[in-house]
Every structure is written in structure tokens, then in C-alpha cells.
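Scroll down for the structure; my scribbles are underneath it.
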Amino acid sequence: MTTPESSTFDLQETVIVVYEGQQHPVPRCIADDDQKLRDAFAPIHPQLKEATIERKDGEPIQIRRKPGAKAVSTPIDHLIAAPANINPAIALLHSNRKIAASDLVAELERSIRDIECVDRSLLYLCRVDASVLPLKI
């Protein structure tokens, strides 16, 4: 089964590949080669490095992982498999959030000082007005 995908693959003919019920358009030049197809899916689905590929005329290509081939599945396995260094993008995000939080704290402190100044000014004006004008209730 083929579909034209002009916006994604620059008018290359694509083939539908089905993995776990999801359909993926793949350029024919990749879909025709089993290893290229495995390599295309491997970064997202590492368990497909040794996948079984089923082809039937007139039907989408089916890609199935081999029995026993499992991806990292538990949180502990993910932590063990994770690199020891911090992802630079995450470090930058954390740094930017820290800066934004410190900017927010500084702005709040300025606002509090401004409110205190306004309060003192209003209190002073009330004292001046009370001493000059007679109080009517």
C-alpha cells in the first residue's frame, strides 16, 4: 500500500509500515531494505533492531519485534541505562528557570518595598489631613 506524501518526503513514494497498530509512512527507498527499515525505527523503538518484517502483496508492511527482544522496561533499568552526564538541554532549561525564578523574587521584593512606601505616604497624609481638617463623622 503506497501513499504520496509530498510535504514530508519531497514527492517520494511512501509505503505504510505498521508497528503495534500504528501506521507510519516510510519512503520506499527505506522500506524496501529490511535493515534500513529496522535502522529507521531503532532510535525510537530500540527493541526493533532485530525485528521481524512481514511483507504481503497489497498490504502494509508489518514490523514485529522478535520474541524475547525486550526494551528497557522498569524505571530502575532506565536509570541504569541512562548516561551519567546531564543532558545539556535539560541543564540549560534548569538554569533558565532558576534565573526566571530569581527575577520573579527580585520583582516581588521591589513590589513589596513600593507598597510599604505607599503605605507610609498614605499614613503621613492621613496624619496631615487629620491635623488640618476637622473630622466629620
Side-chain angles (χ1 to χ4, degrees):
M1 175 182 274
T2 62
T3 59
E5 286 288 328
S6 59
S7 63
T8 308
F9 300 111
D10 298 328
L11 300 174
Q12 289 184 12
E13 182 181 10
T14 60
V15 176
I16 298 297
V17 176
V18 178
Y19 173 63
E20 292 186 341
Q22 294 183 350
Q23 296 185 355
H24 305 277
V26 178
R28 181 170 290 285
C29 61
I30 293 173
D32 285 344
D33 184 309
D34 286 357
Q35 192 55 49
K36 285 182 182 178
L37 191 56
R38 287 185 195 103
D39 292 344
F41 279 85
I44 300 167
H45 303 285
Q47 68 272 24
L48 297 182
K49 287 181 182 177
E50 301 296 324
T52 301
I53 297 170
E54 298 175 7
R55 301 170 189 273
K56 294 180 184 173
D57 289 335
E59 292 183 22
I61 297 172
Q62 298 286 329
I63 187 165
R64 303 185 200 299
R65 64 181 167 159
K66 286 187 176 181
K70 292 184 178 178
V72 178
S73 58
T74 66
I76 296 297
D77 291 336
H78 281 283
L79 289 172
I80 291 169
N85 60 336
I86 296 174
N87 182 328
I90 300 298
L92 179 63
L93 175 67
H94 178 69
S95 172
N96 287 344
R97 285 188 176 170
K98 233 170 124 178
I99 290 169
S102 66
D103 289 347
L104 181 60
V105 168
E107 183 64 32
L108 287 172
E109 287 172 346
R110 280 192 297 274
S111 296
I112 289 170
R113 282 195 303 272
D114 291 346
I115 290 170
E116 289 170 347
C117 182
V118 168
D119 283 349
R120 283 193 300 275
S121 298
L122 288 173
L123 185 60
Y124 175 77
L125 288 174
C126 288
R127 286 186 189 150
V128 170
D129 286 346
S131 64
V132 174
L133 300 173
L135 182 62
K136 293 184 181 180
I137 297 180

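We count residues from 1, following the sequence as given. All of these numbers come straight from a predicted model, not from anything done at the bench.
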Could you list the donor-acceptor pairs under 3.5 angstrom formed between side-chain atoms of residues 30-40 and any protein atom two or more places apart in sequence or on another chain?
residue : atom : partner : partner atom : Å
Asp32   : OD1  : Arg28   : NH1          : 3.4
Asp33   : OD1  : Gln35   : N            : 2.9
Asp33   : OD1  : Lys36   : N            : 3.1
Asp34   : OD1  : Arg55   : NE           : 3.3
Asp34   : OD1  : Arg55   : NH2          : 2.5
Gln35   : OE1  : Arg38   : NH1          : 3.4
Gln35   : NE2  : Asp39   : OD1          : 2.9
Arg38   : NE   : Ala51   : O            : 2.8
Arg38   : NH2  : Ala51   : O            : 3.1

Donor-acceptor pairs under 3.5 angstrom involving side-chain atoms of residues 110-119: please list them, not counting sequence neighbours.
residue : atom : partner : partner atom : Å
Arg110  : NH2  : Glu107  : OE1          : 2.6
Ser111  : OG   : Glu107  : O            : 3.1

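Taking the six-membered ring for Trp, His45 and Tyr19 have ring centres closer than 6.0 Å.
Rounded to the nearest 0.5 Å, atoms CD (Gln22) and CD1 (Ile16) are 12.5 Å apart.
Residues satisfying the side-chain contact (heavy atoms from CB on, under 4.5 Å) test with His94, not counting sequence neighbours, are Lys98. Residues passing the side-chain contact (heavy atoms from CB on, under 4.5 Å) test with Ile99 are Ser95, Asp103, sequence neighbours excluded. Evaluation of the side chain to side chain donor-acceptor pair (under 3.5 Å) rule for Glu54 yields Arg64 as partners, not counting sequence neighbours.
In plain terms, the two heavy atoms of Val18 and Pro60 that are nearest each other are CG2-CB, 3.7 Å.
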Could you please spell out the steps behind the side-chain contact (heavy atoms from CB on, under 4.5 Å) verdict for Lys49 and Phe41?
CA-CA 8 Å; Lys49 287 181 182 177; Phe41 279 85; over 6 Å; no
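Residues Val15 and Ile61 meet the side-chain proximity criterion, which asks for heavy atoms closer than 4.5 Å.
Here Val105 is tied to no hydrophobic group at all, with no ILVMFWY side chain closer than 4.5 Å.
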